[in-house]
Amino acid sequence: MKTSATLKFLYLSFILFPLSFFLLSCGDSGTGSNNGSTSISGRVMLEGQSDHSGVTVSLYAPMELDTALVRINQQYPNIGVQISQETEFDHREHTAVASATTAADGSWNINNVPQGAYNVVAEHDLWGWQYIHDMNDSNTGNINLNKQEFTGIYLNQAINFQDTFIEINDNTTFDRNSQLTISGVNFLVFTDDNLSLTIRGAVNIADNSKLYIFTKANNENCKVIFDTINNLQVRNLLVLNTLEISIIGGNFSVRNSIFFNSEDIALKISRADGAVDNCLFKNSRTGTNFNIATDSGCRQSIFYNNGHDVEIFGATNFLLSNNMFSNSNLNTELKTSDGLVHHNSFEFSDTNVVTLGESDLRVHTNDFRTNNINIDLRQFSHAQPSIRLTANWNNFRNTNGFHIKLGQDTARETVHAENNYWGTTSEAFITSKILDRDDDGRLERVIFMPFQSTTIDSSGINLN
């Protein structure tokens with residue numbers, strides 16, 4: 001998997017949650033000592049307790065942000081998620097600039113630290129933690145620590161999470177008659193390997209909420225499962241290390257969420273119909289997997305630095321639109337599916353679109369730039385190969401390998417690839433970028449005439 005450089009001294013606005021912050025300086029070594037020193041204080045309250053002592057409050061310098069993602073955010077501000085300290089910061093991966101311990105009344109004070117912005121973390125072994133990101137005031141006010149632990153099956157219960165640290169200590173189920181409400185800033189942590197939280201009842205996630213989901217010590221094979229919920233509205237998740245979010249059955253919407261560092265599939269959707277909108281998938285083996293879906297799709301999302309970005313198996317009328325695919329090995333794979341791929345941008349990746357089995361694919365008005373293979377039609381050994389493709393009004397630019405690559409006997413019908421811009425006006429050069437394994441020196445299955453002589457401005461991510 002590819003890596004990217006980092007950028008210091010950034011100023012960003014964050015749109016995933018309704019707060020906007022400005023970075024005054026970045027890097028783990030300090031936060032603007034040229035402006036002098038300051039004191040920072042506040043209070044931490046332990047829910048339901050009279051003694052609030054023993055909480056460690058630490059200041060962390062703002063972390064460096066990924067330059068490639070910053071560029072994508074600036075170029076396409078209306079898709080994906082704007083990265084910031086809230087989306088990138090995990091205090092367990094950094095060293096604190098300074099720390100203090102609360103007194104019995106919860107008060108704390110840190111003196112003589114450089115002026116500037118800090119990520120503030122209040123943490124207690126028995127109570128978990130809470131964050132304040134990019135804090136630039138001398139007083140943080142009150143930080144509340146509230147912890148709930150879960151294991152087993154919960155029936156007929158109204159479960160409310162508001163600014164809560166949630167521990168899943170064993171396999172846990174919120175069953176059909178339960179009602180889960182999420183508001184405020186919440187942290188959900190799995191404490192061991194192979195644990196799952198299964199949610200079968202009603203779910204209400206507030207627009208202004210945040211839910212961080214992670215494992216406590218890089219535990220493996222942990223999952224949050226939404227099981228057969230109708231009108232499931234999932235929003236504002238930040239899914240961290242090694243985790244899988246699974247949606248089984250029902251219909252759904254997932255939006256304004258980040259999924260990264262999964263060792264398998266970050267978002268797995270099975271026999272469920274719905275859309276993934278304005279999300280960010282990065283640094284995972286597979287971003288999202290759709291298995292048997294109707295009228296579903298991914299829209300206005302960013303897929304960055306994954307092994308596979310989107311896998312689509314057995315889907316009908318699937319839609320991929322207005323997405324950015326960047327720095328991944330394989331962007332989109334369709335197997336025995338039909339769908340429309342349009343107004344997407346594919347860049348700096350190995351293979352952009354792959355079809356397998358009996359698939360019917362329309363690839364229209366996309367921008368392919370600096371990749372290896374753009375469209376790869378592969379034979380699938382377990383089904384009679386019959387792939388139908390139309391590829392019109394796309395930009396194909398700086399392709400190292402082939403624009404269109406056909407496996408033997410893959411396409412039964414003529415491949416229509418008219419009105420594309422191929423980065424050249426040379427018919428011979430275009431022909432050299434189309435691989436047809438059945439031909440005898442001529443292109444027998446691909447029609448690329450007529451073609452455009454200049455870049456098609458309306459292709460790619462066009463949200464007009």
Which residues pass the side chain to side chain donor-acceptor pair (under 3.5 Å) test with [X], not counting sequence neighbours?
X	result
Asn111	Ser39, Asn109
Glu123	His91
Thr455	none

Distance (rounded to the nearest 0.5 Å) between [X] [atom1] and [Y] [atom2]:
X	Y	atom1	atom2	answer
Thr56	Trp108	OG1	CH2	12.0 Å
Asn112	Thr38	CG	OG1	9.0 Å
Ile387	Leu361	CD1	CG	8.5 Å

For residues 237-247, which side-chain N or O atoms pair as donor and acceptor with protein atoms under 3.5 Å away, sequence neighbours left out?
unit_1	atom_1	unit_2	atom_2	d
Asn241	OD1	Thr215	N	3.4
Asn241	ND2	Thr215	OG1	3.3
Asn241	ND2	Asn218	OD1	2.5
Thr242	OG1	Asn219	O	2.7

Does the plane of the ring in [X] sit parallel, tilted or perpendicular to the ring in [Y]? Use 30° and 60° as the thresholds.
X	Y	answer
Phe368	Phe396	parallel
Phe89	His133	perpendicular
Phe187	Tyr131	perpendicular

inquiry  = With side-chain contact (heavy atoms from CB on, under 4.5 Å) as the test, pick out the partner of Ile302 among Ile83, Ile258, Asn73, Asn278.
reply    =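 So the option named by the test is Asn73.
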
message = Walk me through whether Leu195 and Asp193 qualify under side-chain contact (heavy atoms from CB on, under 4.5 Å).
response = CA-CA 6 Å; Leu195 297 184; Asp193 295 334; over 6 Å; no

ask   = For Phe165, which residues count as a ring pair (Phe, Tyr, Trp, His ring centres under 6.0 Å) partner, sequence neighbours excluded?
value =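 For Phe165 the ring pair (Phe, Tyr, Trp, His ring centres under 6.0 Å) partners, ignoring immediate neighbours, are Trp129.
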
Whether [Y] and [X] form a salt bridge (side-chain N of Lys/Arg under 4.0 Å from carboxylate O of Asp/Glu) is what I want to check.
X	Y	value
Glu347	Arg369	yes
Arg397	Asp367	yes
Asp360	Arg388	no

Show every donor-acceptor pair shorter than 3.5 Å between a side-chain atom in residues 307-321 and any protein atom, with sequence neighbours excluded, or say none if there are none.
unit_1	atom_1	unit_2	atom_2	d
His308	ND1	Glu311	OE2	2.9
Asp309	OD1	Asn306	ND2	2.9
Asp309	OD1	Ser328	OG	2.8
Asp309	OD2	Ser328	OG	3.3
Asp309	OD2	Asn331	ND2	2.8
Glu311	OE1	Asn289	ND2	2.8
Asn317	ND2	Asp295	OD1	2.6

message = Show the nearest heavy-atom pair for residues Ile40 and Met135, with the distance to one decimal.
response =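 Heavy atoms of Ile40 and Met135 come nearest at CG2-CE, 3.6 Å.
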
query = Hey, are Asn394 and Asn420 close enough side-chain-wise for a donor-acceptor pair under 3.5 Å?
reply =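 Yes, a side-chain donor-acceptor pair sits under 3.5 Å.
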
